[in-house]
Protein chains: 2
Amino acid sequence: MTYTNNDLWKIRDTCTRFLHGHGYASPQNYFLEMAEYPLASQRPDQYGEGEHLQAFESEIAALLGHAKGLFFQSGTMAQLIAARIVTDQKQHQYIGYHPLCHLEIHEEKSYQHLHGLQSVLIGDKSRLITKQDLLDIKTLPAFVLLELPQREIGGQLPVWDELVWQVQFLQEKGVHVHLDGARLWECAPFYQKSYAEIASLFDSAYVSFYKGIGAIAGAALVGKEDFICQAKIWNRRHGGNLITAFPLYLAAKKNMEKRLHNFQAYYAKTQDIAEAVATIENIEIRPSIPQVNMFHVWIKADRKRLIENAVRIAQEKGIWGLAHVATTVDPAVQKLELYIGDGAMEIATSDIKDLLSQWISGSC
Amino acid sequence: MTYTNNDLWKIRDTCTRFLHGHGYASPQNYFLEMAEYPLASQRPDQYGEGEHLQAFESEIAALLGHAKGLFFQSGTMAQLIAARIVTDQKQHQYIGYHPLCHLEIHEEKSYQHLHGLQSVLIGDKSRLITKQDLLDIKTLPAFVLLELPQREIGGQLPVWDELVWQVQFLQEKGVHVHLDGARLWECAPFYQKSYAEIASLFDSAYVSFYKGIGAIAGAALVGKEDFICQAKIWNRRHGGNLITAFPLYLAAKKNMEKRLHNFQAYYAKTQDIAEAVATIENIEIRPSIPQVNMFHVWIKADRKRLIENAVRIAQEKGIWGLAHVATTVDPAVQKLELYIGDGAMEIATSDIKDLLSQWISGSC
């Protein structure tokens with residue numbers, strides 16, 4: 001049987017435990033939770049102007065060690081705008097990043113069609129950017145984006161000294177180095193640094209409020225005062241300056257309060273799960289020791305069979321684990337992206353191990 | 001005394017009756033109302049994909065007599081994208097509209113900076129576009145936007161036959177004619193036509209869900225199947241394709257159900273108010289007979305004095321009427337944009353007349 005997304009969601013809705021992220025709450029849950037949030041009784045912003053929104057933006061900027069912050073509807077907007085401001089200023093159309101950067105693979109090449117920019121792909125898509133990759137760059141970009149952690153390769157991170165070297169090497173050449181912090185909150189346990197120490201290495205940074213934080217949607221861009229003032233103008237040009245943004249920024253603030261202190265625990269649980277899952281036959285995990293609370297599970301199995309098993313077991317056990325399953329270059333190997341959040345925290349590691357074994361064997 | 005927006009909002013928050021729009025609800029009100037909306041317990045969209053969102057998009061398309069619809073975070077995105085698709089297709093960079101079009105005056109010239117387009121301003125900013133204005137166009141644009149009603153001149157509308165002539169004249173020349181329906185819901189009482197009859201004259205149309213409808217934010221673009229498929233790609237490029245859009249589209253759907261049938265009543269109340277207000281000394285209304293549930297009140301008064309009076313009277317009587325007050329070319333004349341919605345429906349017309357008289361005289 002082949003399942004549509006809608007089929008899968010219907011089965012997911014019948015489950016009670018969720019392997020990925022923070023599980024699935026209905027809009028009603030969100031509305032009820034938000035109604036009780038104290039700031040919900042306060043006046044919201046108008047076109048991005050409002051004391052509580054500005055306080056939140058300042059709070060994020062301070063947390064990341066930057067001068068000023070701006071809330072965005074999406075990271076796509078925030079990062080394209082960052083790239084555009086810098087390239088306009090430097091009158092230079094090249095931007096550089098990892099071959100699996102969000103701008104390259106998930107945004108319909110907006111950087112090119114909407115902003116008239118060209119990309120320089122740095123390094124190889126199967127691994128992190130290295131010193132040598134930077135030394136090998138032929139066309140030096142005006143703007144380089146480094147993603148921490150590199151999501152598409154299982155959430156990998158360079159070691160601290162390597163990161164510092166890379167940022168400084170580029171900055172010394174006059175490059176604006178931007179942090180794609182879509183999952184920055186996940187990096188602190190590995191680096192054992194504050195978010196300010198990590199993000200302030202960079203000239204600007206973007207962070208997200210839904211993925212790890214578990215709000216609805218939304219992002220922030222931080223940087224120098226003048227940079228953010230320009231970003232505000234571009235936000236309006238992108239159509240992102242809505243008459244009010246409260247449904248997103250109030251949820252962002254509330255969920256930052258709820259989850260920002262959880263990442264150490266997610267990280268510890270991730271190590272447990274990785275160790276247990278790695279012992280299953282026909283499974284390999286990448287990276288072999290997860291650096292953040294996510295990793296890839298490479299499963300040697302027929303894709304159709306694996307999904308059928310996973311669906312049947314979900315129906316029997318009520319644990320949902322199917323999300324982000326992709327076939328690798330080897331059609332006999334499937335890749336599952338596993339992101340550990342509130343969902344997995346509520347499932348015993350041994351149950352998670354059993355679940356994945358059963359996906360392969362087909363029997364409970 | 002000079003008031004900041006924040007000062008004015010603080011005073012507004014102490015009022016109980018509101019002359020403009022639908023009054024002011026807190027985020028908490030919205031969350032509580034939405035929690036009770038039946039669709040809030042259903043699975044939301046993921047990146048714009050979801051049965052309830054698609055049903056809503058189809059409903060809007062059908063209401064407007066078009067083949068397909070797409071929900072947007074903002075009208076800015078929807079209309080820029082419409083212009084871009086058409087100009088790309090026709091390999092032609094000119095777009096035409098009234099000099100006070102939203103694209104020209106409220107979007108930081110995004111059409112130019114983000115989309116590389118040029119504008120052709122049609123007609124004079126103080127009045128509606130005429131037949132002669134169309135005959136006088138020197139550079140024929142690929143895309144012409146007509147706004148119904150023309151907001152910045154007090155919500156004026158061309159008579160039906162004139163509108164039909166203009167649209168057909170342009171279409172016969174191969175121009176894609178787009179409806180800026182930011183306040184389209186407001187037009188039906190004047191034309192005595194269905195929304196489908198009005199909107200299907202055009203090649204594409206945008207409508208808004210907050211202004212008259214009173215939801216949070218959000219818009220829809222409707223048009224041919226292929227046009228909307230392209231719009232979806234551009235929505236992602238603009239950063240408008242969020243992981244979920246439920247806080248906006250559920251509120252849009254709910255408020256469409258709540259208010260779409262109210263516009264005849266708002267229109268009737270508007271006629272009453274206009275007639276009463278027009279008799280006040282030093283006040284002139286424009287247009288002299290409102291064509292929709294909005295109009296401009298031109299008040300011969302010193303701006304500072306007028307605002308001080310309005311604030312003091314708001315504090316005494318609890319009626320808030322200060323919004324969109326602009327100084328005209330004559331510094332002794334102030335222009336108030338009045339939009340009649342649920343707020344004014346709850347205030348006796350005589351009280352509204354008294355309020356505006358007292359703004360001028362300064363005494364209750």
Side-chain angles (χ1 to χ4, degrees), chain A residues 5-6 9-10 12-13 24 26-28 30-37 39-44 46 49-51 72-81 84 106-110 113-116 210-211 216-218 233-234 236-248 250-251, chain B residues 5-6 9-10 12-13 24 26-28 30-37 39-44 46 49-51 72-81 84 106-110 113-116 210-211 216-218 233-234 236-248 250-251:
Chain A
N5 276 345
N6 210 36
W9 291 338
K10 280 191 179 145
R12 189 189 72 188
D13 287 346
Y24 299 91
S26 73
Q28 190 170 46
Y30 153 82
F31 291 129
L32 289 171
E33 258 196 38
M34 292 309 302
E36 287 178 16
Y37 188 53
L39 281 181
S41 61
Q42 303 292 306
R43 188 172 351 102
Q46 274 194 15
E49 202 193 326
E51 52 185 325
F72 276 90
Q73 299 293 307
S74 72
T76 297
M77 277 187 215
Q79 300 208 104
L80 285 168
I81 286 171
R84 177 62 180 265
H106 291 306
E107 301 177 7
E108 298 281 356
K109 298 227 179 351
S110 180
H113 297 289
L114 201 55
H115 289 285
Y210 66 100
K211 308 165 181 93
I216 302 302
I233 296 172
W234 282 104
R236 180 157 269 267
R237 288 180 180 148
H238 258 261
N241 183 217
L242 305 191
I243 183 159
T244 179
F246 79 77
L248 297 190
L250 286 179
Chain B
N5 276 345
N6 211 36
W9 291 337
K10 278 191 180 146
R12 189 189 70 186
D13 287 346
Y24 300 92
S26 73
Q28 190 169 46
Y30 153 81
F31 292 129
L32 288 171
E33 258 195 38
M34 291 310 301
E36 287 178 18
Y37 187 52
L39 281 181
S41 61
Q42 303 292 306
R43 188 173 352 102
Q46 274 195 15
E49 202 193 326
E51 51 184 326
F72 276 89
Q73 300 292 307
S74 71
T76 297
M77 278 187 216
Q79 300 208 106
L80 286 168
I81 286 172
R84 177 63 179 266
H106 290 307
E107 301 177 8
E108 297 282 356
K109 297 228 178 353
S110 180
H113 297 289
L114 201 55
H115 289 285
Y210 67 99
K211 308 166 181 91
I216 302 303
I233 296 172
W234 281 104
R236 181 156 268 266
R237 289 181 179 146
H238 258 261
N241 182 218
L242 305 190
I243 183 160
T244 179
F246 81 76
L248 298 190
L250 286 180

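The chains referred to below are lettered A, B, ... by the order of the sequence lines, with proteins before strands, and numbering in each begins at 1.
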Whatever's closer than 4.5 Å to a heavy atom in chain B on I81(A) counts as neither
Specify which of L80(A), I233(A), L32(A) makes the most heavy-atom pairs with chain B at under 4.5 Å.
-> I233(A)
Flag the pair T244(B) / Y210(A) as yes when at least one side-chain heavy-atom distance between them is below 4.5 Å, and no otherwise.
-> no
Top contributor to chain A interface from H106(B), Q46(B), Q79(B) [non-hydrogen pairs under 4.5 Å] = Q46(B)
Of all of K109(A), K10(A), E33(A), which one pairs up most often with chain B through heavy atoms under 4.5 Å apart?
-> K10(A)
Determine the minimum heavy-atom distance between R43(B) and R12(A), stating which atoms define it.
-> CD-NH2, 3.7 Å
Between G116(B), G50(B), P44(B), which shows the greatest number of heavy-atom pairs under 4.5 Å with chain A?
-> P44(B)
Between the CZ atom in F31(A) and the CD atom in E36(B), the distance rounded to the nearest 0.5 Å is 12.0 Å
Interface residue of largest heavy-atom contact number with chain B, from R236(A), E49(A), H238(A), M77(A), under 4.5 Å = H238(A)
For the ring pair F246(B) and Y30(A), is the centre-to-centre distance below 6.0 Å?
-> yes
Are any side-chain N or O atoms of S26(B) and backbone N or O atoms of S41(A), one a donor and one an acceptor, separated by less than 3.5 Å?
-> no
Considering all heavy atoms of both residues, which atom of R84(A) and which atom of L114(B) are nearest to each other, and what is their separation?
-> NH1-CD1, 4.3 Å
Validation row: H113(B), W234(A) side chains within 4.5 angstrom (heavy atoms) = yes
Report yes if the side chains of L250(A) and Q28(B) come closer than 4.5 Å at any heavy-atom pair, otherwise no.
-> no
Give, as side chain, backbone, both or neither, the part of L242(A) having an atom under 4.5 angstrom from any heavy atom of chain B.
-> side chain
Chain B contacts, top residue of G240(A), A251(A), P247(A) (heavy-atom pairs, under 4.5 Å) | P247(A)
Applying a strict 4.5 Å limit to non-hydrogen atoms, the region of N5(A) in contact with chain B is side chain
What is the distance from atom OG of S74(B) to atom CG of N241(A), rounded to the nearest 0.5 Å?
-> 9.0 Å
Counting only heavy atoms closer than 4.5 Å, note whether Q42(A) contacts chain B via side chain, backbone, both or neither.
-> backbone
How far apart are the closest heavy atoms of T76(B) and G239(A), and which atoms are they?
-> CG2-CA, 3.6 Å
